[in-house]
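Read the structure below first, then the notes.
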2 protein chains.
Amino acid sequence: MDATRQPDLTRQRILEAGFAEIHRHGFQAASVANILADTGLTKGALYHHFPSKKDLGLAVVDEMVGVALVERYVRPLRDAAHPAQALIELIGMKQGISEEFIRLGCPLNNLMQEMSPVDEAFRDRLNRILIQWQEAFEEALRRAQMAGEIRGEVNCHAAALFIVSAWEGCTGVAKNMQSVEAFRACMSQLQGYVASLLKTS
Amino acid sequence: MDATRQPDLTRQRILEAGFAEIHRHGFQAASVANILADTGLTKGALYHHFPSKKDLGLAVVDEMVGVALVERYVRPLRDAAHPAQALIELIGMKQGISEEFIRLGCPLNNLMQEMSPVDEAFRDRLNRILIQWQEAFEEALRRAQMAGEIRGEVNCHAAALFIVSAWEGCTGVAKNMQSVEAFRACMSQLQGYVASLLKTS
DNA sequence: CGAATTACATACCGACCGGTATGCACGCGT
DNA sequence: ACGCGTGCATACCGGTCGGTATGTAATTCG
């Protein structure tokens, strides 16, 4: 019952504490000592499961950030019967935009801004996640276009890229302003953009 | 002629080298030693002109980032005879988007994402610059609205906030993708958004 | 049941980091 | 011309960083 020796659970705890620390301070400023303090573990444990701080960071990107994005955005859109409506609702969703999340910003965006010019491995992994996100939007737009809901001349690829960019921009600006209200106003404008792609029936 | 003892020029050199170092590595990862190596100066010089690394960073924000933004965006829009057209042209400008700038990203955006949750003084200064930028857009939109070029029901404040956000989002995503082409495509979509605010005469 | 491997804990290391105390030469005011 | 403050250079400090070498239980496997 005392649950001694559960290596994969230990690894998961390190990943979660690592994600929180990186979310708070960024990767470079993230302290291995803080992560260990949060988990109650020691360096031996961490460097047994991960060869280096960088490898831990990359694992956090793949197994925490990437997985969360797929669950929250990619899958719901893929399973949506009415993709255009689902996309607009997703942009306007009010769940999961706590003050804390506004303060700390989008983990994906934070890491992209910090690590892209600094480390190619990070850039590559983050870019894969970003493209996954963009493709989820693009697919939704294309399906809506097929269904005749979106105007035929709309460039779904470019529009999806813009939605992702504007989304990250909104979270970034809201983070600086520390204002959930600004975030809502900004995302509302993004909703308007998507609506402008629809056919004016 | 050897120009010994020019304190304000020395200060300016420190500011410029500090800006470059911060632009490359972010503020927290910026190394004072690197700045000194770039300028050929020593710690005595830097800490004579600036009480701390943080004060240097804040000075860089105010005197480099802030000033550049006013010169490039605020002033041109204020002096424009046709603000709506000027805004659209500004978004589509092709000057000053070198590969290097795409790789390193927008200095304002970089610092906002990194420092906003970490340091209130940084957040405050950066926010002032951001609001200055937003207000320049808002003023241009409002003038265009007065002139009858933009539809009356457009919320110029929210639209300006969105343009700033989307702009930063585009630079951020382009930075991660390391693609000037993606940046152009993204900004082109932003142009489309602004155009959608115009009256369809 | 013994041996080998896994899963950690402990102690320690060199490399930077920002910051400071001190020294000194130039230039300006009087 | 002389003194004093400004404008730097040099040397040094404590602290934190990521990383490693070693030790030692617990688990697994033959």
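Per chain, numbering begins at 1; letters A, B, ... match sequence-line order.
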Under 3.5 Å donor-acceptor pair, K53(B) side-chain atoms to dG19(C) base atoms = no
The nucleotide from dC8(D), dC8(C), dA11(C) with an atom nearest the side chain of H48(A) is dC8(C)
Compare the minimum distances between each of dC8(D), dG19(C), dG19(D) and the side chain of L41(B), then state the nucleotide with the smallest one.
-> dC8(D)
State yes or no: are the ring centers of F162(A) and Y193(A) separated by less than 6.0 Å?
-> yes
Flag for Q85(B)-E89(B): side-chain donor and acceptor within less than 3.5 Å = yes
Answer yes if the ring centres of W167(B) and Y73(B) are under 6.0 angstrom apart, and no otherwise.
-> yes
Could K53(A) and F27(A) be counted as a cation-pi pair, given that NZ or CZ must be under 6.0 Å from the ring centre and within 45° of the axis?
-> yes
Which of dC8(D), dA11(C), dC8(C) is nearest the side chain of K43(A)? It is dA11(C)
A33(B) side chain, from C-beta outward: closest of dC17(C), dG18(D), dT6(D) = dC17(C)
For DNA chain C, what string of dots and brackets results from 5' to 3' when Watson-Crick and G-U pairs need both distances under 3.5 Å, crossing pairs get [ ], and pairs with another strand get |?
-> ||||||||||||||||||||||||||||||
Polar side-chain contact R5(A)-dA25(D) base: donor and acceptor under 3.5 Å | yes
Only one of Q6(B), E63(B), H48(B) clears side chain to side chain donor-acceptor pair (under 3.5 Å) with R11(B); which?
-> E63(B)
So what does A29(A) touch, heavy atoms closer than 4.0 Å: a base, only the sugar-phosphate, or nothing?
-> nothing
Closest listed nucleotide, where the reference is the side chain of S52(B) and the choices are dA11(C), dT10(D), dG19(C) | dG19(C)
Give the nucleotide from the list dA7(C), dA9(C), dG18(D) with an atom nearest to the side chain of S31(A).
-> dG18(D)
